[in-house]
There are 2 protein chains.
Amino acid sequence: MNNRRIPKYMQLKHELLSWFESGKLQRGQQVPSENEIAEQFGMSRQTVRQTFGELEKEGWLERIQGKGTFARNPERREGEQVKTIGIITTYISDYIFPHIVRGAEAELRSRGYRLLLSSTDNNKEKEMESLQLMTSQPLSGLIIEPTKSAEGNPNLAYFLELQEKGIPYLMINEKYRELECTCLKVNDEAGGYKAAEYLLEQGHVRIAGFFKRDDLQGVNRLKGFLAAHKAAGISASPKRVVTYTTEQKNTLPYQQALHMLAEGEERPTAFVCYNDELAVLLMEAVSASGLRVPEDVSIIGFDDSSLASASGTKLTTLTHPKTMMGQEAASRLIAIIERGETAEDRVYEPQLIERDSVAKRN
Amino acid sequence: MNNRRIPKYMQLKHELLSWFESGKLQRGQQVPSENEIAEQFGMSRQTVRQTFGELEKEGWLERIQGKGTFARNPERREGEQVKTIGIITTYISDYIFPHIVRGAEAELRSRGYRLLLSSTDNNKEKEMESLQLMTSQPLSGLIIEPTKSAEGNPNLAYFLELQEKGIPYLMINEKYRELECTCLKVNDEAGGYKAAEYLLEQGHVRIAGFFKRDDLQGVNRLKGFLAAHKAAGISASPKRVVTYTTEQKNTLPYQQALHMLAEGEERPTAFVCYNDELAVLLMEAVSASGLRVPEDVSIIGFDDSSLASASGTKLTTLTHPKTMMGQEAASRLIAIIERGETAEDRVYEPQLIERDSVAKRN
DNA sequence: AAGAATAAATTGTACGTACAAGCCAGACGA
DNA sequence: TCGTCTGGCTTGTACGTACAATTTATTCTT
């Protein structure tokens with residue numbers, strides 16, 4: 001028997017732990033006395049004491065002099081467990097992200113979890129910093145919004161580490177292609193499709209599209225934009241499709257828009273924008289070109305952010321679940337943590353909200 | 001000797017722990033062997049083993065068979081210290097709060113601290129929940145934005161508990177009157193004064209003021225508003241001063257504004273609003289009354305939020321440090337934690353930003 | 001000089017005894 | 001009936017022995 005190599009007190013320890021697992025020992029229940037155990041297992045009381053001592057230090061047993069040894073609530077361990085969940089988003093203060101965080105925070109607080117927050121500013125180095133900090137202490141789970149998801153993922157090692165440590169995580173808005181994990185996202189392709197389709201239905205033909213290319217959300221929205229053109233039998237002119245990166249977001253699309261609008265009769269009559277933030281920026285470009293929204297140029301945004309209704313001309317845009325996404329991400333993660341459920345992807349269908357920034361053409 | 005009552009192995013344990021404290025035992029250093037200790041202290045090896053066993057379980061010693069017993073890095077305990085700072089704000093997703101959080105988050109991340117976030121929705125019960133959750137696990141420090149600071153503070157016990165536990169905290173925007181603690185805030189009274197003074201300078205005489213009364217920010221802004229009137233020798237009519245609570249914020253001021261604007265020639269020509277959020281709401285009230293901003297009614301907001309520039313008519317408003325306040329709160333708290341500094345209050349002077357919502361009168 | 005065997009020291013395992021200290025139920029006495 | 005006491009149980013402390021397993025330095029062998 002290879003049992004010969006395992007010390008007796010360890011064998012007894014494993015035996016007792018199996019009692020806990022099988023439910024043979026319930027919380028508060030008295031454990032046979034040291035002498036009884038010693039006799040039953042054919043070992044000396046001292047050896048039993050060694051086992052009991054370790055189990056007591058580890059919180060499984062409680063020994064009371066003169067009274068006996070008792071099984072301690074093993075749930076105490078889970079009760080005292082971390083209960084902290086981290087969220088890593090690209091931005092904190094801007095745009096729709098505060099709403100996502102808020103949804104998650106409310107859910108977590110009501111479920112007794114603490115929320116660790118960190119942002120990456122869409123910068124992979126800061127993503128690494130954040131991952132390191134988050135995992136530097138015990139963590140129950142992690143919600144991550146990928147940084148520049150369309151590019152490679154240099155922090156793959158950290159995610160694998162999460163898996164090794166048994167820290168469940170899920171992604172929102174997008175997922176890294178390299179990782180298999182649950183993801184809550186908007187159907188961006190359908191959104192891009194709907195935006196373009198809607199404009200085409202209103203009689204627009206020369207539609208410009210502005211999409212971010214370093215995250216998959218932008219790539220997918222562009223994909224839908226092109227698909228709608230194809231379905232309508234109208235070719236989307238490559239010169240009216242602008243892609244840009246996070247770093248260029250405040251300059252390149254604006255300049256390209258000015259450029260297009262200066263093309264006289266050939267200028268586009270509508271803009272599909274990656275998101276509301278860009279839409280507001282391009283509204284200014286339109287205005288700077290001496291044109292008006294929506295009379296001269298129609299604009300569609302994305303995400304139905306507060307910017308969409310706050311701006312002078314209220315933006316027609318596509319919805320994003322925002323708060324609900326945060327809330328759902330939190331509750332799914334808790335389900336994974338507490339009940340070991342395996343969550344499936346959740347895809348939200350964006351709805352078009354008609355406001356004032358799109359004009360009927362013809 | 002009362003030593004008689006203390007078991008030998010406990011006496012030895014205390015002795016060894018004192019060695020750690022005095023530096024007699026440094027990390028990695030070898031401890032005398034069990035037999036040596038037994039001889040020195042006149043006890044059996046078994047008793048020494050009991051002591052060593054406990055100290056090993058508690059992380060003070062490392063025992064290696066055949067090699068000896070070694071002092072484990074006691075700094076390990078401090079090295080793994082918490083480095084987590086909590087922030088409790090009234091709101092997360094709205095208004096200027098995301099910017100405050102962002103400032104603090106960036107600072108904390110760069111200094112190697114984790115950020116725990118929680119919100120109260122300006123509700124004292126949720127404040128209690130948040131405090132409980134935050135302190136349920138080790139915490140280095142806490143930044144708190146008081147909830148309804150003008151009212152009493154039912155969670156005083158929790159704050160005293162923080163002091164007992166030695167968790168430093170500081171307040172932003174306002175402080176609870178009952179607590180002595182460092183506070184970073186805007187000079188709200190000066191802000192209210194400047195707003196009213198500016199309008200009076202532009203020739204306005206009938207100025208209405210809308211202020212929140214359940215937090216001290218609102219109370220102080222109102223105080224400044226009244227002081228400016230007094231200094232100008234113009235009485236502020238009580239019927240043009242509206243105070244409201246958090247729960248009423250979306251209804252009462254709006255209705256009161258409509259009411260005032262319906263007063264014909266006696267209607268106010270300017271509104272001083274508690275903050276930009278209210279200012280935007282009241283702009284709608286003006287518009288709903290068939291009047292225009294700023295031609296018929298001038299409006300001044302507060303906090304220079306994104307709403308101020310996003311709205312159709314850009315708001316004249318007073319500045320709030322926002323991101324800088326978050327950043328400074330974080331860095332001061334870290335200074336308290338790491339160097340035991342005692343931080344003094346920091347008062348930011350608000351600046352008036354002239355935009356388009358105020359008209360010169362006469 | 002390099003490797004192998006050995007010895008000494010260390011901690012680990014296992015059993016043993018003895019008594020102290022604390023809890024509890026049942027016997028006992030007022 | 002109530003309180004007290006006692007005996008028997010429990011775990012706690014303390015010492016003891018013996019040998020196993022591991023490390024390290026030393027010695028021996030090649």
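Order of the sequence lines sets the chain letters (A, B, ...), proteins ahead of strands, with each chain counted from 1.
Contact annotation: T47(B) reaches the phosphate of dC15(D) (side-chain N/O to OP1 or OP2, under 4.0 Å).
Heavy-atom contacts from other residues, nucleotides or ligands closer than 6.0 Å to CD of E15(B) number more than 12.
Nucleotide dA18(D) holds its P atom 17 Å from the CD atom of Q46(A), rounded to whole Å. In this structure, CD1 of I37(A) is placed 17 Å from C1' of dA14(C), rounded to the nearest angstrom. When the P atom of dA14(C) is taken as reference, atom CD of E54(A) falls 11 Å away, rounded to whole Å. Rounding to whole angstrom units, NZ of residue K8(B) and P of dT13(D) are separated by 14 Å. As rounded to whole Å, 14 Å separates atom C1' of dT23(D) from atom CD of E62(B). As a whole-Å value, the separation of M10(B) CE from dT13(D) P is 8 Å.
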Atom pairs under 3.5 Å: protein N/O with N/O of nucleotides 5-8 of chain C:
none

Show the distances under 3.5 angstrom between N or O atoms of the protein and N or O atoms of nucleotides 9-12 of chain C.
| from | atom 1 | to | atom 2 | distance (Å) |
| --- | --- | --- | --- | --- |
| dT10(C) | O2 | G66(B) | N | 3.3 |
| dT11(C) | OP1 | T69(B) | N | 3.4 |
| dT11(C) | OP1 | T69(B) | OG1 | 2.8 |
| dT11(C) | OP2 | E34(B) | N | 2.9 |
| dG12(C) | OP2 | R49(B) | NH1 | 3.3 |
| dG12(C) | OP2 | R63(B) | NE | 3.3 |
| dG12(C) | OP2 | R63(B) | NH1 | 3.3 |
| dG12(C) | O4' | Q65(B) | NE2 | 3.3 |
| dG12(C) | N7 | R45(B) | NH2 | 2.8 |
| dG12(C) | O6 | R45(B) | NH1 | 3.2 |

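Counted by atom type alone, T90(B) and E145(B) present one or more donor-acceptor pairs between their side chains at under 3.5 Å.
E107(B) pairs with exactly one of R332(B), Q327(B), E328(B) by the side chain to side chain contact (heavy atoms under 4.5 Å, CB included) rule, that one being Q327(B). When each of T120(A), V101(A), L117(A), D121(A) is tested with I92(A) by the rule side chain to side chain contact (heavy atoms under 4.5 Å, CB included), just one qualifies, namely L117(A).
Between the T51(B) side chain and the Y9(B) main chain, a donor and an acceptor come within less than 3.5 Å of each other. Looking at R63(B), its side chain never comes within 3.5 Å of a backbone N or O of T69(B) through a donor-acceptor pair. Between the K124(A) side chain and the N155(A) main chain, no donor and acceptor come within less than 3.5 Å of each other.
At least one side-chain heavy atom of P168(B) sits less than 4.5 Å from a side-chain heavy atom of L333(B).
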